[in-house]
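Computed from a predicted structure; not experimentally measured. Chain naming here is simple, since letters A, B, ... match the order of the sequence lines and numbering starts at 1 in each.
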Number of protein chains: 2
Amino acid sequence: MRAHDLPAIRHLPLFRTMLQANFDALMHAAYAQVFPAGLELIRQGDAADFLHVLMEGGVELHSGWADRETTMAVVRPVRSFILAACIRDAPYLMSARTIERSHIVLIPTSDLRATFRRDPEFAVAVIDELAGCYRAVVRQTKGLKLRNSRERIASWLLRQSVRAGNAAGYHLPIEKRLLASYLGMTPENLSRALKSLEADGIKVDGARVIITDRARLAALARFDPLIDGSDSRDDISCAAMPEPDPDD
Amino acid sequence: MRAHDLPAIRHLPLFRTMLQANFDALMHAAYAQVFPAGLELIRQGDAADFLHVLMEGGVELHSGWADRETTMAVVRPVRSFILAACIRDAPYLMSARTIERSHIVLIPTSDLRATFRRDPEFAVAVIDELAGCYRAVVRQTKGLKLRNSRERIASWLLRQSVRAGNAAGYHLPIEKRLLASYLGMTPENLSRALKSLEADGIKVDGARVIITDRARLAALARFDPLIDGSDSRDDISCAAMPEPDPDD
DNA sequence: CAGGTCACTTGATGATTGTCAATCGGCGGG
DNA sequence: CCCGCCGATTGACAATCATCAAGTGACCTG
């Protein structure tokens with residue numbers, strides 16, 4: 001593991017409050033690894049052996065059924081993912097693949113489970129983390145069921161802008177096909193919807209997005225803290241943070 | 001609170017393992033109440049003051065946005081709901097209304113949060129509960145994104161049958177309009193889909209469902225443990241158990 | 001530098017799903 | 001007992017969204 005990995009992990013809300021000794025023990029059992037882009041890290045249905053912490057790069061969490069596939073989340077550094085499966089010692093519900101060359105730290109689940117039984121502070125951190133993850137997926141589900149594709153796109157674009165510090169312009173942090181799948185639509189539909197949204201306050205050129213009429217876009221998206229907000233703890237990391245990442 | 005309420009609550013996985021003294025204290029701060037059918041218990045956006053435990057009756061968890069509404073879950077006794085919001089001390093993401101006259105026990109969130117910080121066994125139970133809830137919503141999301149409405153209905157009907165002990169016939173435990181909303185479709189669509197599914201192994205008459213060709217229905221639903229399963233702990237109770245309840 | 005791959009786009013078409021309106025039928029209250 | 005309410009159903013229609021096919025352009029590789 002690289003020298004600066006440990007402090008970065010320790011700084012995560014999940015690991016920030018636990019006893020140093022327990023943290024050290026956990027990290028001692030862990031090991032770091034580098035994966036190329038496009039590698040399948042986890043296959044849904046497999047036993048949850050390791051809690052993953054993404055230090056660098058990007059990971060797509062996705063699920064398949066029959067011959068279909070959908071993107072459940074895109075994870076960006078520094079974040080842990082698939083905590084819930086680890087805790088329940090249950091099969092992964094999602095697969096994971098790198099979308100870029102990625103540095104990942106793997107923490108054996110057995111150590112993890114032993115630790116939160118011994119360290120009450122860690123247990124509280126796990127509780128907080130899981131509650132945050134749960135609420136994130138609930139938000140995602142609400143968005144899927146209550147909004148149509150145009151509204152989902154509009155609100156996602158707006159959220160991205162907020163994450164970029166209310167910037168009017170930014171770059172899409174992920175490929176459009178991933179975004180489409182994440183938003184529950186086909187790439188074709190996304191492409192057309194983006195074009196049609198140019199009448200409603202955005203301009204898209206490749207990965208470059210410019211919000212030309214924030215008010216108009218906001219009116220369409222009907223931004224709602226109970227869907228689009230985050231629980232505004234410093235940071236919530238886990239399995240399914242719906243939003244990818246800020247951007248330049 | 002009624003005499004048999006306490007043992008029933010104590011028997012829940014969430015409360016089963018904690019210290020008796022802590023349980024007693026928690027229950028001392030709690031109080032029971034009876035609500036008529038159709039009453040709005042919780043409005044999304046409100047502060048989470050109480051963990052709710054449904055002892056008797058039925059509760060719909062739903063969410064609204066703009067002028068639309070959707071059913072997120074139907075809770076049946078004995079189960080707690082909206083744990084995550086309580087723990088995070090954050091606004092409810094869902095509303096709750098009784099669908100029948102209901103007995104509900106209300107546990108102040110402040111006591112709750114104080115207790116899992118003191119009682120490691122309770123903390124572990126909360127972790128387990130939240131992880132289960134998280135995974136339940138992930139399953140729900142997968143179903144929504146990967147299956148079309150016919151497939152969602154078919155798999156739901158099959159799941160209900162499994163819950164009823166692989167019974168060929170059973171009664172729908174909830175109104176069809178609720179089911180439709182839960183499954184992410186309109187009542188009209190559900191009605192038509194049910195009729196069309198009569199060519200695929202079911203027979204529906206009012207609330208009565210009979211599975212006439214299990215194999216055929218299963219082929220359509222393509223039952224998948226990673227969507228349709230439950231984590232097969234005894235019981236997982238929480239905010240968003242997607243499935244309603246067994247039935248006669 | 002040529003060839004190939006892949007993401008993205010665009011057009012044409014069809015399937016799925018939602019909306020609106022009308023009707024039926026059970027159930028409870030007056 | 002009858003009326004009114006509400007959920008469920010049905011039909012006609014419209015909107016949304018997916019599929020199929022073809023074409024473009026960027027990027028990587030040989």
Side-chain angles (χ1 to χ4, degrees), chain A residues 36-38 58 60 62 65-71 74 97 99-101 143-154 171-200 202-209 220 244, chain B residues 36-38 58 60 62 65-71 74 97 99-101 143-154 157 171-200 202-209 220:
Chain A
E60 176 200 6
H62 58 104
W65 174 79
D67 58 345
R68 294 168 218 168
E69 232 221 27
T70 190
T71 301
V74 175
R97 81 164 64 93
I99 55 178
E100 304 167 12
R101 179 183 161 86
L144 277 172
K145 292 181 76 175
L146 292 167
R147 299 209 256 229
N148 63 24
S149 63
R150 274 178 57 113
E151 292 161 342
R152 290 201 296 280
I153 296 169
H171 278 99
L172 296 177
I174 54 173
E175 287 178 346
K176 286 183 185 160
R177 52 180 263 281
L178 274 188
L179 177 58
S181 179
Y182 172 68
L183 292 176
M185 65 187 80
T186 58
E188 294 96 325
N189 192 7
L190 174 65
S191 186
R192 278 186 261 265
L194 280 176
K195 173 164 284 189
S196 88
L197 281 175
E198 301 205 338
D200 291 281
I202 63 157
K203 187 79 192 54
V204 181
D205 178 33
R208 184 94 201 140
V209 177
L220 190 94
Chain B
E60 175 200 7
H62 58 103
W65 174 80
D67 58 345
R68 294 167 218 167
E69 232 220 29
T70 190
T71 302
V74 174
R97 82 164 63 93
I99 55 176
E100 304 167 11
R101 177 183 163 85
L144 277 172
K145 293 181 76 175
L146 291 167
R147 297 209 257 229
N148 64 25
S149 63
R150 272 177 59 110
E151 292 161 341
R152 290 202 296 279
I153 296 170
L157 289 172
H171 277 100
L172 296 177
I174 54 173
E175 287 178 345
K176 286 183 185 161
R177 52 180 263 281
L178 272 189
L179 177 58
S181 179
Y182 172 68
L183 293 176
M185 65 186 81
T186 57
E188 294 94 327
N189 191 6
L190 173 65
S191 187
R192 278 185 261 266
L194 280 177
K195 173 164 285 189
S196 89
L197 280 175
E198 301 205 338
D200 291 281
I202 64 156
K203 185 80 192 55
V204 181
D205 178 32
R208 185 94 201 140
V209 177
L220 190 96

What integer distance in Å separates [X]:[atom1] from [N]:[atom2]?
X	N	atom1	atom2	answer
A:Glu69	D:dA18	CD	C1'	17 Å
A:Lys145	D:dT16	NZ	C1'	18 Å
B:Leu194	D:dT10	CG	C1'	14 Å
B:Arg208	D:dA8	CZ	P	17 Å
B:Glu175	D:dC5	CD	P	18 Å
B:Asp205	D:dA8	CG	C1'	12 Å

Problem - A:Arg68, CZ atom: more than 12 neighbouring heavy atoms under 6.0 Å - result: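 Yes, because the 6.0 Å sphere around CZ of A:Arg68 holds more than 12 heavy atoms from other groups.
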Approximate separation, where rounding is to 0.5 Å, of [X] [atom1] and [Y] [atom2]:
X	Y	atom1	atom2	answer
B:Met185	B:Leu179	CE	CG	7.0 Å
A:Glu60	A:Arg97	CD	CZ	4.5 Å
B:Arg152	B:Tyr182	CZ	OH	10.5 Å

State, yes or no, whether a side-chain contact exists between [X] and [Y] at a heavy-atom distance under 4.5 Å.
X	Y	answer
A:Ser181	A:His62	no
A:Val204	A:Lys176	yes
B:Arg150	B:Asp200	yes
A:Leu194	A:Ile202	yes

### Message
Going by side-chain contact (heavy atoms from CB on, under 4.5 Å), B:Ile153 matches just one of B:Leu197, B:Asn189, B:Leu220. Which one?
### Response
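Filter result, single survivor: B:Leu197.
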Minimum heavy-atom distance A:Glu151-A:Leu146, with the two atoms named: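 Looking at all heavy atoms of both residues, the closest pair is OE1-O, 4.2 Å.
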**Report entry** Minimum-distance pair of heavy atoms, taken over all atoms of A:Leu172 and A:Gly206
**Finding:**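 Closest approach of A:Leu172 to A:Gly206: CD1-O, 4.3 Å.
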N/O-N/O pairs, protein side and nucleotides 24-30 of chain D side, under 3.5 Å:
none

Reading nucleotides 11-30 of chain C from 5' to 3' and marking B where a protein heavy atom lies under 4.0 Å of the base, S where only the sugar-phosphate is that close, and - otherwise, the string is BB----SSBB----------
For the helix from C:dC1-D:dG30 to C:dG30-D:dC1, what angle separates the axis at the start from the axis at the finish, each from five pairs, in steps of 10°?
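Taking the rotation axis at each end, their angle is 30°.
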